[in-house]
Amino acid sequence: MSDCYLTLEEVKLNTSYLDGSIYKTYITHFFSYTKARHKVQYLYDENDNVHSVELYEIIDRKVDPDTNELFVRAEFEFEDDEDMDAFLHKPLYFKEPEWFHDLTHEEIVQLNCAFEQYEPVLGSLIERKNVYINANGTVQIADKIYHLSEPKICEFFYEIKINLGSEKTYQPLLCGGGSSRYILHLKSGKSIEYSGDYALCDGTP
């Protein structure tokens, strides 16, 4: 899990529509590689004290096409009207999702799936437990090998790569319910494992 740093830049005084009371919100910005909607619930200060977020609203967001980095400008309100003035222009951070990996400059060469109790979404895969999908177009299911077109597999891997942190997802493309493990093998030699109840879907909450 990576940490994303920010500073509170500006205080806004707001009037409650309910009772006319005054409350504060704070404007900030940060950079991130995660393109998912940032659901920021907790901010941590340099002493690792937790500050719970009541309201979080994105004011602006831009993606740098060269670095794939996301710029977010946002407004925060803290629970119990916590006064955060003492933290203006001091470093705070939040934790990005544990599943996130930056695949901007990576190439996927193989996907291993270990299916268990899979729902009948993918038809013929219901009874198949281990699946190995390779960039060269070969797919091994149990002891049988199938040959698909290499462009089709590359397109599939590209979709996975895009959805690992796209604007639509909190989770990667490999999420949902019904299988136990996915392992992505990258050309760089790294392997990334996702475990839990995951399935092939777009991960939209």
Side-chain angles (χ1 to χ4, degrees), residues 1-106 158-177 182 192 194-205:
M1 177 185 290
S2 60
D3 296 334
C4 189
Y5 286 87
L6 53 84
T7 61
L8 302 178
E9 306 164 6
E10 177 188 340
V11 185
K12 284 177 62 178
L13 296 178
N14 306 276
T15 303
S16 170
Y17 292 115
L18 297 176
D19 57 12
S21 62
I22 303 297
Y23 65 96
K24 292 180 178 180
T25 56
Y26 297 84
I27 307 298
T28 186
H29 78 268
F30 55 88
F31 291 90
S32 167
Y33 279 112
T34 309
K35 306 306 175 294
R37 291 177 296 219
H38 286 76
K39 189 176 182 182
V40 180
Q41 294 178 301
Y42 306 103
L43 290 179
Y44 301 83
D45 59 37
E46 56 190 358
N47 296 316
D48 286 331
N49 296 312
V50 181
H51 305 277
S52 299
V53 175
E54 175 81 17
L55 173 147
Y56 169 50
E57 182 178 351
I58 294 177
I59 300 170
D60 188 25
R61 56 188 298 147
K62 297 175 183 174
V63 177
D64 186 323
D66 297 321
T67 65
N68 209 29
E69 195 172 44
L70 175 70
F71 168 83
V72 177
R73 188 164 178 79
E75 183 174 349
F76 289 87
E77 178 189 345
F78 293 87
E79 282 189 1
D80 302 320
D81 296 325
E82 181 182 4
D83 191 318
M84 295 288 286
D85 289 13
F87 292 97
L88 282 172
H89 308 297
K90 293 183 179 179
L92 296 169
Y93 70 93
F94 66 89
K95 298 180 183 299
E96 296 206 274
E98 289 195 42
W99 53 259
F100 177 73
H101 295 271
D102 177 28
L103 295 177
T104 306
H105 304 293
E106 298 283 3
Y158 178 73
E159 285 297 317
I160 291 174
K161 182 174 175 177
I162 291 298
N163 279 278
L164 284 165
S166 77
E167 294 183 9
K168 296 195 304 181
T169 59
Y170 287 115
Q171 299 273 353
L173 178 70
L174 308 175
C175 74
Y182 290 88
I192 300 172
Y194 301 97
S195 59
D197 291 330
Y198 296 113
L200 293 168
C201 67
D202 71 3
T204 306

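Quick note: numbers below take in every heavy atom, side chains included, and nothing from hydrogens, waters or symmetry partners.
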Separation of Lys95 NZ from Asp3 CG (nearest 0.5 Å): 4.5 Å
Side chain to side chain, Leu6 and Leu43, heavy atoms closer than 4.5 Å: yes
Side chain to side chain donor-acceptor pair (under 3.5 Å) partners for Asp48, two or more places apart: Tyr93
Val53 side chain near Glu77 side chain, heavy-atom distance below 4.5 Å: no
For Val11 against Lys24, the heavy-atom pair lying closest together: CG1-CD, 3.9 Å
CG on Leu8 to CG on Leu88, rounded to 0.5 Å: 6.0 Å
Within-4.5 Å side-chain heavy-atom neighbours: Thr15 and Tyr23: no
Sequence neighbours excluded, every pair satisfying salt bridge (Lys or Arg N to Asp or Glu O under 4.0 Å) that has a member inside residues 11-22: Lys12-Glu75
Plane angle bin for Phe94 and Phe30 - parallel if under 30°, tilted between 30 and 60°, otherwise perpendicular: perpendicular
Nearest-0.5 Å distance that lies between atom CG in Asp81 and atom CD1 in Ile22: 11.0 Å
Any Arg73 side-chain heavy atom under 4.5 Å of Ile27 side chain: yes
Heavy-atom side-chain proximity of Phe87 to Leu92 below 4.5 angstrom: yes
Whether Phe78 and Phe76 hold their rings parallel, tilted or perpendicular, with breakpoints at 30° and 60°: parallel
Under 3.5 Å donor-acceptor, Asp45 side chain and Asn47 backbone: yes
Least distance between heavy atoms, His89 atom then Thr7 atom: CA-CB, 4.0 Å
Side-chain (Ser16) to main-chain (Leu18) donor-acceptor, under 3.5 angstrom: yes
Distance (rounded to the nearest 0.5 Å) between Met84 CE and Lys90 NZ: 10.5 Å
Any donor-acceptor N/O pair, Tyr26 side chain to Glu9 backbone, under 3.5 Å: no
Ring-ring centroid check His51 Tyr42, cutoff 6.0 Å: no
Side-chain heavy atoms of Ile58 within contact of Val72, under 4.5 Å: yes
Inter-residue atom distance Glu10.CD - His29.NE2, 0.5 Å rounding: 13.0 Å
